Enquirer: 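Below are the structure tokens for one structure; questions will follow.
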Amino acid sequence: MANKLGILLSGRGSNFLAIADNVAVGKIPAEIAVVISNKPYAPGIQAAEQRGLNAHVILGKGLARVEHDAAIVACLREHRVDLVCLAGYMRLLSPVFLEAFPQRVLNIHPSLLPAFPGLDAQKQALEYGSRITGCTVHFVDEHLDHGVIVTQRSVAVLPDDDEHSLSARILEQEHIAYSEAISMVLSGEYEVQGRRYLRKSR
Ligand code: GAR
């Protein structure tokens with residue numbers, strides 16, 4: 001795999017920035033070929049522009065999901081992307097997308113999956129009374145927050161936590177986990193075995 005990353009985001013973009021910082025210092029052996037947002041004013045896409053990266057807004061409004069995904073796939077292909085990283089991209093991907101990048105789309109989710117998929121995962125963990133939560137980087141498949149797990153990092157839920165404080169501590173771990181996961185995938189040293197992502201046996 002040549003190491004060209006395509007980042008998809010919808011908002012703040014802190015995971016994107018953590019990845020970009022680790023690319024810049026050589027911790028991730030890759031380049032960011034393109035950053036795409038489905039929201040015109042996402043701070044993340046503005047940060048990508050400021051860093052001089054290829055940054056595109058591809059609006060989903062008024063398009064069927066399949067049409068929107070086809071436009072994004074075309075842009076990723078134009079930039080010869082090998083690995084797609086969803087970084088706070090708040091739209092489900094259609095089969096068109098996944099068929100174009102089989103086992104080459106990663107997502108980050110702010111819980112220890114399979115606990116608390118979907119929206120507001122940190123709030124879900126608090127309301128459930130979990131003592132431990134965290135974050136998961138996983139391959140994207142056709143089901144929500146479901147694909148094979150690449151890596152996870154745990155975070156203790158403290159007695160005085162609210163959604164804000166817990167989300168902030170999980171986010172710190174997300175920034176570490178995403179770069180670790182990308183490096184694992186790009187290393188070519190791991191493979192999917194059933195639902196597990198394991199080091200290849202020599
Ligand atoms: C992150 O906490 C990420 O895990 C979450 O959105 C936030 C994006 O932050 N993603 C999901 O909940 C996906 N189901 P960022 O824009 O600062 O990277």
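Remember, predicted model here, so these are calculated numbers, not experimental data. When a ligand or atom number is given, it counts from 1 through the structure's own listing order.
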Enquirer: Say whether N15, considering both its backbone and side-chain N or O atoms, lies within less than 3.5 Å of an N or O atom on ligand 1.
Expert: yes
Enquirer: How close do A55 and E49 get, heavy atom to heavy atom, and via which atoms?
Expert: CB-CG, 3.7 Å
Enquirer: Hey, is CD1 on I132 packed in by over 12 heavy atoms from elsewhere, all under 6.0 Å?
Expert: no
Enquirer: At a 4.0 Å threshold, what atoms of ligand 1 neighbour a non-hydrogen atom of E174?
Expert: 1 (C), 2 (O), 3 (C), 4 (O)
Enquirer: Closest non-hydrogen protein atom to atom 14 (N) of ligand 1, residue and atom name please, with distance?
Expert: H109 ND1, 3.2 Å
Enquirer: Can an N or O of G13 be found at a distance shorter than 3.5 Å from an N or O of ligand 1?
Expert: yes
Enquirer: Checking V137 against M184 for the side-chain contact (heavy atoms from CB on, under 4.5 Å) test, could you report, in this order, the C-alpha distance in whole Å, the side-chain angles of both residues, the deciding distance, and whether it holds?
Expert: CA-CA 11 Å; V137 183; M184 284 170 71; over 6 Å; no
Enquirer: Parallel, tilted or perpendicular, judged at 30° and 60°: which one describes the rings of H68 and Y89?
Expert: parallel
Enquirer: Within a distance under 4.0 Å of any heavy atom of M90, pick out the atoms of ligand 1 and give their elements.
Expert: 6 (O), 10 (N), 11 (C), 12 (O)
Enquirer: Would you say P110 contacts ligand 1, with heavy atoms under 4.0 Å as the rule?
Expert: yes
Enquirer: Just say parallel, tilted or perpendicular for the rings of H143 and H146, cut-offs at 30° and 60°.
Expert: perpendicular
Enquirer: In terms of atom number and element, which parts of ligand 1 are under 4.0 angstrom from non-hydrogen atoms of R12?
Expert: 9 (O), 15 (P), 16 (O), 17 (O)
Enquirer: Taking both backbone and side-chain atoms of N107, is any N or O found less than 3.5 Å from an N or O belonging to ligand 1?
Expert: no
Enquirer: Which other residues end up in the same hydrophobic cluster as V66, if Ile, Leu, Val, Met, Phe, Trp and Tyr are linked when side-chain heavy atoms come under 4.5 Å apart?
Expert: V96
Enquirer: Among Ile, Leu, Val, Met, Phe, Trp and Tyr joined by side-chain contacts under 4.5 Å, find the other residues sharing a cluster with F116 and list them by chain and number.
Expert: Y128
Enquirer: Against ligand 1, does L9 come closer than 4.0 Å with any heavy atom?
Expert: no
Enquirer: Write out the residue and atom name of the closest protein heavy atom to atom 10 (N) of ligand 1, then the distance separating them to 0.1 Å.
Expert: I108 O, 3.6 Å
Enquirer: Looking only at protein heavy atoms, identify the closest one to atom 8 (C) of ligand 1 and say how far it is in Å.
Expert: G88 CA, 3.6 Å
Enquirer: Do you know the tightest heavy-atom contact between R65 and L92?
Expert: NH1-O, 3.2 Å
Enquirer: How far is atom 15 (P) of ligand 1 from the closest protein heavy atom, and which atom is that?
Expert: S14 N, 3.4 Å
